[in-house]
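A note on names: the letters A, B, ... follow the listed sequences, proteins ahead of strands, and every chain is numbered from 1.
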2 protein chains.
Amino acid sequence: MISTSIENYLKCIYQLEEQLVGERTDSTKGITTGAIADRMETQAPSVSDMLRKLSERGWATYEKYQGTHLTFEGRKIAVDILRKHRLWEVFLVEKLGFKWDEVHDIAEQLEHVVSEDLVDRLDAWLGHPQFDPHGDPIPDKKGVMRDKRKKKSLHDMQSGEAGVLVGLGDTSDTFLRYLDSFEIALGTRITVVERFEFDGSVRVLSNDKDKLTLSSQVAANLLLITP
Amino acid sequence: MISTSIENYLKCIYQLEEQLVGERTDSTKGITTGAIADRMETQAPSVSDMLRKLSERGWATYEKYQGTHLTFEGRKIAVDILRKHRLWEVFLVEKLGFKWDEVHDIAEQLEHVVSEDLVDRLDAWLGHPQFDPHGDPIPDKKGVMRDKRKKKSLHDMQSGEAGVLVGLGDTSDTFLRYLDSFEIALGTRITVVERFEFDGSVRVLSNDKDKLTLSSQVAANLLLITP
DNA sequence: CAAGGTTTTTGAGAGAGCTTAACTTTGCAG
DNA sequence: CTGCAAAGTTAAGCTCTCTCAAAAACCTTG
């Protein structure tokens, strides 16, 4: 039996590892105790404790002071949780009409419901969705991410370049609501009009009609596919 | 914050109290520690412990050796859990195509998901169902059971009497599958052909075509409405 | 390359919920 | 009405996960 707590740690470590892939990674040091504690809003000693347990159970490698990495087994579990989380999010938004900023906490609970049959049926009934309401890829039953799209951050696009928003670097409620206020959603076409050296902000045209100025931080978290 | 464990105890006590209503009840003694321990498959000391906690929190009255009763507050919580449980069961059967004997364990997990909004939306989206897949009534948002049907156990019906199956006294997986094997489901019309003194069994006609002999125990757990 | 600051681990301990064992109360049968 | 079995409670102790405090390791910087 895997506890909810363990599932959460595995998911957290997985996501921190994913994040590192994006950045230039000196991944000799694994995911640090502190990073995990931060993300899980808990204390470092809890994390140390858990890392020992995870490595005992074969779900993570762990050497004192060296951080941690998930093993194949650990990654399997983490991906499975993520699959459930994202499928439930699709359900909440598409069937129950929740908004994209309202589903995280609920999916966080639903992801721990244990029933392989339930997940399979949910997946099939939803039509095997490939992405959740925030554009994050949903792994298939085998744990394979099927996202072949080459995404480019708005931050890295040149003046005149255009693309369609398909993903977000940050899916926090506050960021999602901030995007709402700009009427930016997945599928929105965004064209870079001008980039400002001053603060890294970007002037864009959204859906070929609204002129907006987005901060550097917003731009960095908008992931588009470009033609 | 109410723990899952507490929710389960409240639900359990509620259901034991409900059960007593059916029987002639010398309810001076409340629900006994032993009855709770049995139903929850735990030990009596765990129950004693929990009863003390429930009464501290104002959800149950409890005097040592005298058993327990839910308070109004406690009953409110229990009914709310039951509402969630039964709504999820409807979802699982009607939307995901589970069979009626497959949903209990899953609903047992889903019932603890906390989000009033979720429950309301689920309820509306399912069309405010009044009964779960086993015929048990689903309380409304205010906790009111809207089941006005006068149900009669097959056990108490006379030769020649007929009715439609609308409820079950036992909703265990094994009983449900046993009914499946007789092709008896909610909505099945049952006519008593003959009653046997010998073992209390009953010969019936189901849907006016299949002649079946049902044991006394089965008969007692079939609840019908009669014209 | 050492001193100091930061990060991590260890240790002690708390609370929830569980178990077994021992003790107490209850209430029924004779 | 008494004695005894059944039922219930208390006690002690286990696991899990968390916290705070203190010690240890690490690493950066002068």
Side-chain angles (χ1 to χ4, degrees), chain A residues 1-13 16-17 20 25-69 74 77-78 81 108-109 111-112 114, chain B residues 1-13 16-17 20 25-69 74 77-78 81 108-109 111-112 114:
Chain A
M1 199 63 256
I2 302 179
S3 71
T4 294
S5 184
I6 287 177
E7 289 187 341
N8 283 334
Y9 276 97
L10 291 173
K11 187 180 62 161
C12 172
I13 298 167
L16 288 169
E17 282 189 334
L20 276 198
T25 162
D26 45 342
S27 66
T28 38
K29 267 207 84 149
I31 304 302
T32 65
T33 304
I36 298 169
D38 265 16
R39 196 173 224 272
M40 309 228 357
E41 297 186 330
T42 184
Q43 302 319 116
S46 309
V47 178
S48 281
D49 244 32
M50 183 55 84
L51 292 183
R52 208 176 6 74
K53 191 186 298 179
L54 292 181
S55 91
E56 273 169 17
R57 298 225 199 166
W59 295 325
T61 59
Y62 173 57
E63 279 176 88
K64 288 201 286 190
Y65 299 102
Q66 299 313 121
T68 187
H69 283 292
I77 297 170
I81 303 294
E108 199 97 323
Q109 297 179 69
E111 73 189 7
H112 299 294
V114 177
Chain B
M1 198 66 255
I2 302 180
S3 71
T4 294
S5 183
I6 287 177
E7 289 186 342
N8 284 334
Y9 275 96
L10 290 174
K11 186 180 62 162
C12 172
I13 298 167
L16 288 169
E17 282 188 333
L20 275 198
T25 163
D26 44 342
S27 65
T28 38
K29 270 209 82 150
I31 304 301
T32 64
T33 302
I36 298 169
D38 265 16
R39 195 172 224 272
M40 310 234 347
E41 298 186 328
T42 184
Q43 301 320 116
S46 308
V47 178
S48 282
D49 245 32
M50 183 55 83
L51 292 183
R52 205 172 11 72
K53 189 185 301 181
L54 292 181
S55 91
E56 273 168 18
R57 299 227 198 165
W59 295 327
T61 59
Y62 172 58
E63 281 176 87
K64 288 201 287 188
Y65 300 103
Q66 299 312 122
T68 187
H69 284 294
I77 297 170
I81 302 295
E108 199 96 326
Q109 297 179 68
E111 73 190 6
H112 300 294
V114 178

What integer distance in Å separates B:Met50:CE from D:dT9:C1'? 16 Å
side-chain contact (heavy atoms from CB on, under 4.5 Å) partner of B:Trp59, the single match among B:Thr68, B:Leu51, B:Ile6: B:Ile6
How long is the line joining CZ of A:Arg52 and C1' of C:dT9, in whole Å? 10 Å
Closest heavy-atom pair and its distance - B:Arg57, B:Met1: NH1-O, 3.7 Å
Answer whether the closest heavy-atom distance between the side chains of A:Ile81 and A:Leu10 falls below 4.5 Å. no
Donor-acceptor pair, A:Ser55 side chain versus A:Thr61 backbone, under 3.5 Å? no
note: A:Met1, atom CE; C:dC18, atom C1'; distance rounded to Å ~ 17 Å
Atom pairs under 3.5 Å: protein N/O with N/O of nucleotides 3-6 of chain C:
none

Closest non-hydrogen contact found for A:Val114 with B:Gln109 is N-OE1, 2.6 Å
Spacing of NZ belonging to A:Lys11 relative to CD belonging to A:Glu111, to within rounding of 0.5 Å: 3.5 Å
For atom OH of B:Tyr62 and atom C1' of D:dT10, their distance in whole Å: 10 Å
Look at A:Ser5 and D:dC18 and indicate whether a side-chain polar atom (N or O) is within less than 4.0 Å of OP1 or OP2. yes
Could you go step by step and tell me if B:Tyr9 and B:Ser3 meet the side-chain contact (heavy atoms from CB on, under 4.5 Å) rule? CA-CA 10 Å; B:Tyr9 275 96; B:Ser3 71; over 6 Å; no
Output for pair (A:Met50 CE, A:Thr33 OG1), nearest 0.5 Å, gives 13.0 Å
Within the sub-3.5 Å range, which N or O atoms of nucleotides 23-29 of chain C have a protein N or O partner, and how far apart are they?
residue	atom	partner	partner atom	Å
C:dT25	O4'	B:Tyr65	OH	3.4

What is the distance, rounded to the nearest whole Å, between atom CD of A:Glu56 and atom P of D:dT15? 13 Å
How close do B:Ile36 and B:Cys12 get, heavy atom to heavy atom, and via which atoms? CG2-SG, 4.1 Å
Separation between CG of B:Leu16 and CE of B:Met40, rounded to the nearest 0.5 Å: 10.0 Å
Comparing nearest nucleotides in DNA chain D, the 5'-proximal residue of the pair A:Ile6, B:Asp49 is B:Asp49
Between atom CG of A:Asn8 and atom CZ of A:Arg39, what is the distance when rounded to the nearest 0.5 Å? 11.0 Å
For DNA chain C, which residues of residues 32-47 of chain A approach it to below 4.0 angstrom with any heavy atom? A:Thr32, A:Thr33, A:Gly34, A:Ala44, A:Pro45
For C:dA16, does either OP1 or OP2 sit under 4.0 Å from a side-chain N or O belonging to B:Tyr9? no
In whole Å, I'd like the distance from the CD1 atom of A:Ile2 to the C1' atom of D:dT15. 17 Å
